[in-house]
Amino acid sequence: MTRPISTLPALAVVACTVAISPSYAADESAATAAALDEVVVTARKREESVQDVPIAMSVLGGDALSSQGITDIRTFATQVPGLVFSNHADLKTSETSIRGVRSESRSAGQDPSVGYYLDEVYLGGGVGAAIDYFDLQRIEVLRGPQGALFGRNTIGGVISLSTRRPTFAPEGYVEVGAGNYGSVEARAAVSGPLVDDRVAGRLAVSITDRDGYAKNLSTGRDVEDAGRKAARGSLLFNAGESTELLASFDYLRIKQRSNALETFAYSSGAGNLLARFIGGFPGPNRDPYDRRVVGDLDPVEDMKAYGANLRATVDLGSMTLVSISGYREHEYYGIYDTEQTDARWTYSSSPESVRRFSQEIRLASAPGEKLDWLAGLYYYRQHTINEFIGSFGVDALGVLRLPAGFFVNSVGDQETKSYAAFANATYRFSPSLSATLGVRYTRDQKDISYDQRDPIGVIGGSRTFTSEKSSNRATPSLSLSFTPNESLLIYGLVANGFKSGGFNDFIGDATAVGFEPEKLWNYEVGAKAELLDRRLTMNASAFFMRWSDIQLQADNPATPFFDPATRNAGAAESRGLELEVRFRPVERLSLSVAAASVDAKFTEGFLPDGRTPLRQIPYSPQYTANLGAEYRQPLPGSTLDFEFRIEGQLTGVDYLDTSNIPQSRVDAWQELNAWLTLAEREDRWSVSLWGRNLTDDTRPTRFFNVATNPLVGQQLIALNAPRTFGIRARLQF
């Protein structure tokens, strides 16, 4: 399911040759080669160097995000070992996987496996996590379960986004760009004092508008376009010598024609009503890779999201008190042509309304020689209303002999409350040996009212139920750290996490109601090294994870209708190696490697038919690698620098469906990106030419199998972004 592409230039070979060449390094002494910058993170709820944290994690700073044009999770995921984002072409069902730990959900009521946080406030998954990446200080990706400090729904890991804070020194920037497919983007921020030494403010905005990557031949309009507007404001209050308040508000509006799927294959079964109506298959979409789709309705996604945070920090001398309050809400509506033909047949829409409130209070000790500790309490409340509406066009109504206006639908109204207490402590037995112990105790309460009306049995049948469930879980973690010298950290880690149980609040099997928590243990060893006067950092980890009661969402292949359900369906194991290298052999040249090898497979369990065994976990490719090289050359007689960056992405064989049928297999693929920048030496302004997917590789990113459904009768796929390129200018002041 991937087209042949040109072979990548031998980027890795060139990079390694340059890196290890003694003659090249001899041209400039080690004294003139700049050391790599120290990276400060807050993975353990306090500031420390990433090289001192006994956790497998990746960090990308705001300047790198901006220079590489990273504005969302799709462009960011390729930078991190073992992180995979399944771009399903819509906001609601796209999922994030780390080390093969994933969750497939079609609603906000079912929890993700990877937790997204914005300034330490939980975003949820799906639509809630679909924020724009702009005006960020950094992104931290913590791999493996983070149950002790971050809690439930982080069994795969955490993606933590930190925004830029207001400054008392005036600053700002403006960034504009344009590219192919009519792409236009603009971002800007301004920060400065509002009351001298007391109040500072920051305001940032982002606008993205792009024509579609595909065309709907039935309507003549572009689809798979982008339309996003975002704003974020924050106020920093110095309320005395020991108290600081940081208040922020963000807004996001998305309106686009997305979720236009290509038909990969048609079903010609005798019972296929659609095939009989249009005169048999194959149907009108003959080439699933030509970015030409068919549908009498253009798809639409419309979303409004708001968020507000309040962070209070009080210095108590020997301790620091931190309070973080967060409120988030979004309203989402999506509709698309279910069967992707020009017949007036079937349409699916999935409105969603979500409200979230969280409150965290914690105390942390001042850094000590022997013991550092942290303890806190957490409260979370979420209300979701998830709907599905399946409507019928006049052609289908006639074939099925249904009255005008007939539709099937479901509504799930769900309330979640979660309470937690947590503690984490690091004890130093000696200057070179320390241990960190963390634990979190969580109590979840969920209740639901659900109604599914399906009198003709096309979405699993009718059902109505109310239910409630509660669960308690302790999630410990223990790590040992050994630092034989100041340049090397060796660690071992054992950690536990769980994903909350819940209810089937989306259309599907009329017999499915609830499911229990999913539990995971992670065993990990790693090393972090800084070498050659901090010109080289090498971080490596090896892990083994085992989890049980896996929450698996799948359609029953033994039934003709679309009747998915989430059930606790078995157990799995994941093992692998991860490597991150940053190397600056000389002052002007930087090299990087971010790679992972992952083997994630089910060890027991079956598909809902009870006969087909579960095998490889989808969206867990055998390997991923990102190889980068960046060179900066001053232009003689000027204050300008010329900068060139090239980046190669390599991904191994993968499957896009739990069934692992051959049609869902994606062969190994490669992608090439490049940036060419002219910059003022002090980085006050820059102009960049950029290109992504320069080889124009075309491959599926989603496989949706409804071939046995008599109303649809197809296997559908979504495609990756084609070759894109453009120009971007930035002015900083």
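Along the sequence shown, residues are numbered consecutively beginning with 1.
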Does the plane of the ring in Y117 sit parallel, tilted or perpendicular to the ring in F150? Use 30° and 60° as the thresholds.
perpendicular

Give a yes or no answer on whether the side chain of R198 reaches the backbone of N238 with a donor-acceptor pair at less than 3.5 Å.
yes

I'd like to check Y173 versus D135 (side-chain heavy atoms, cut-off strictly below 4.5 Å). Are they in contact?
yes

Do Q146 side-chain atoms and G144 backbone N/O form a donor-acceptor pair below 3.5 Å?
yes

Enter the distance from L246:CG to L310:CG here, rounded to the nearest 0.5 Å.
8.0 Å

Main-chain N/O of A721 paired to N693 side chain as donor or acceptor, under 3.5 Å
yes

Go through it in stages, so that I can follow the logic: the residues are T651 and T78, the test is side-chain contact (heavy atoms from CB on, under 4.5 Å), and I'd like the CA-CA distance, side-chain angles, deciding distance and then a yes or no.
CA-CA 9 Å; T651 301; T78 59; over 6 Å; no

May I have the list of side-chain donor-acceptor pairs in residues 82-89 shorter than 3.5 Å, sequence neighbours left out?
unit_1: S86; atom_1: OG; unit_2: E95; atom_2: N; d: 2.9
unit_1: S86; atom_1: OG; unit_2: E95; atom_2: O; d: 3.1
unit_1: N87; atom_1: OD1; unit_2: A89; atom_2: N; d: 3.1
unit_1: H88; atom_1: ND1; unit_2: T93; atom_2: O; d: 3.1
unit_1: H88; atom_1: ND1; unit_2: T93; atom_2: OG1; d: 3.3
unit_1: H88; atom_1: NE2; unit_2: Y619; atom_2: OH; d: 3.0

Tell me, do I73 and I159 make a side-chain contact under 4.5 Å, heavy atoms counted?
yes

Please examine the side chains of R228 and L252, heavy atoms only from C-beta on, and report whether any two atoms are closer than 4.5 Å.
yes

Closer than 3.5 angstrom, by distance alone: can the side chain of R165 be matched with the main-chain N or O of Q137 as a donor-acceptor pair?
no

Nearest heavy-atom approach of S541 to R99 is OG-NH2, 4.1 Å

Please enumerate all residues that pass side-chain contact (heavy atoms from CB on, under 4.5 Å) together with V127, with sequence neighbours excluded.
L91, K92, M303, H330, Y332, E352

Mind checking the CG-CG spacing from D683 to L731? Nearest 0.5 Å is all I need.
12.0 Å

Indicate the ring-plane relationship of Y251 and Y306, choosing parallel, tilted or perpendicular according to the 30° and 60° boundaries.
tilted

Please name all residues satisfying side-chain contact (heavy atoms from CB on, under 4.5 Å) with D209, sequence neighbours left out, ordered by chain then number.
none

Run the salt-bridge test on E48 and R46 with the 4.0 Å N-O cut-off and return the result as yes or no.
no

Using a 3.5 Å distance criterion without hydrogens, assess whether the side chain of S688 forms a donor-acceptor pair with backbone atoms of W690.
no

Flag if over 12 foreign heavy atoms under 6.0 Å of CZ, F725:
no

Verify, without hydrogens or angle tests, whether E262 (side chain) and R292 (backbone) share a donor-acceptor contact under 3.5 angstrom.
yes

Quick one: list whatever passes salt bridge (charged side-chain N to carboxylate O under 4.0 Å, His left out) with R138, sequence neighbours left out.
E140

Has N720 got a side-chain atom pairing as donor or acceptor with D697's backbone, closer than 3.5 angstrom?
yes

Hey, are D302 and R253 close enough for a salt bridge, meaning a charged N less than 4.0 Å from a carboxylate O?
yes

So T96 and Y116, side chain to side chain donor-acceptor pair (under 3.5 Å) or not? Walk me through it.
CA-CA 10 Å; T96 306; Y116 281 78; 2.6 Å; yes

Ion pair present between E647 and R645, side-chain N to carboxylate O less than 4.0 angstrom?
yes

Given side-chain contact (heavy atoms from CB on, under 4.5 Å), test V687 with W685 step by step and report yes or no.
CA-CA 7 Å; V687 178; W685 62 265; 4.2 Å; yes

Rounded distance [0.5 Å steps], CG in L650 versus OG1 in T624
9.5 Å

If you look at every heavy atom in G124 and A129, which pair is closest and at what distance?
O-CB, 3.8 Å

Step by step, work out the side-chain contact (heavy atoms from CB on, under 4.5 Å) result for D250 and I131.
CA-CA 10 Å; D250 61 270; I131 65 172; 5.6 Å; no

Ion pair present between D654 and R102, side-chain N to carboxylate O less than 4.0 angstrom?
no

Testing the basics here: between Y623 and A668, what is the closest heavy-atom pair and its distance to 0.1 Å?
OH-CB, 3.6 Å

Looking only at non-hydrogen atoms, find the nearest pair between L36 and R582 and report the distance.
CD1-O, 3.5 Å

Are any side-chain N or O atoms of S191 and backbone N or O atoms of T167, one a donor and one an acceptor, separated by less than 3.5 Å?
yes

Inspect the surroundings of NZ in K229 and state if more than 12 heavy atoms from other residues, nucleotides or ligands are less than 6.0 Å away.
no

Which atom names give the shortest non-hydrogen contact between R534 and E38, and what distance separates them?
NH2-N, 3.1 Å

Quick one: pull up OG1 in T677 and CG in L689 and give me the separation to the nearest 0.5 Å.
8.0 Å

So, taking the atom named CG in L65 and the one named CG in L136, what distance separates them when rounded to the nearest 0.5 Å?
6.0 Å

In this structure, CG of D196 is separated from CZ of F168 (nearest 0.5 Å) by 9.0 Å

Carboxylate-amine/guanidinium proximity below 4.0 Å for R210 and D225
no

Taking all atoms of both residues into account, what is the closest heavy-atom pair of R723 and N180, and its distance?
O-ND2, 3.1 Å

Between D533 and R535, is there a donor-acceptor pair closer than 3.5 Å when you use the side chain of the first and the backbone of the second?
no

Is there a side-chain contact between Q79 and V141 in this structure, where contact means two heavy atoms from C-beta onward sitting under 4.5 Å apart?
no

With side chains defined as the heavy atoms from C-beta onward, is the minimum distance between W675 and E643 less than 4.5 Å?
no

Using a 4.5 Å cut-off on heavy atoms from C-beta on, say whether the side chain of T695 contacts that of Q670.
no

Can you find a heavy atom in the side chain of I139 that is under 4.5 Å from one in the side chain of I70?
no

One pair to check against side-chain contact (heavy atoms from CB on, under 4.5 Å): M57 and K528. What are the steps and the verdict?
CA-CA 11 Å; M57 63 180 300; K528 298 186 176 185; 4.1 Å; yes

Quick test of your reading: applying side chain to side chain donor-acceptor pair (under 3.5 Å), list the pairs with at least one residue in residues 53-67, sequence neighbours left out, ordered by first then second residue.
S58-R143, S58-E580, D63-R164, S66-E175, S66-R730

Check against side chain to side chain donor-acceptor pair (under 3.5 Å), S248 and S234
CA-CA 4 Å; S248 61; S234 55; over 6 Å; no

Side chain proximity check, P170 to P193, heavy atoms < 4.5 angstrom
yes

Apply ring-ring contact (aromatic ring centres under 6.0 Å, His included) to Y181 and list each qualifying residue two or more places apart in sequence or on a separate chain.
Y213

Test: E224 and R291 ion pair at under 4.0 Å
no

Main chain of T163, side chain of D119: is a donor-acceptor contact present, judged purely on distance under 3.5 Å?
yes

Please check if any side-chain donor atom of Q51 sits under 3.5 Å from a side-chain acceptor atom of N539, or the reverse.
yes

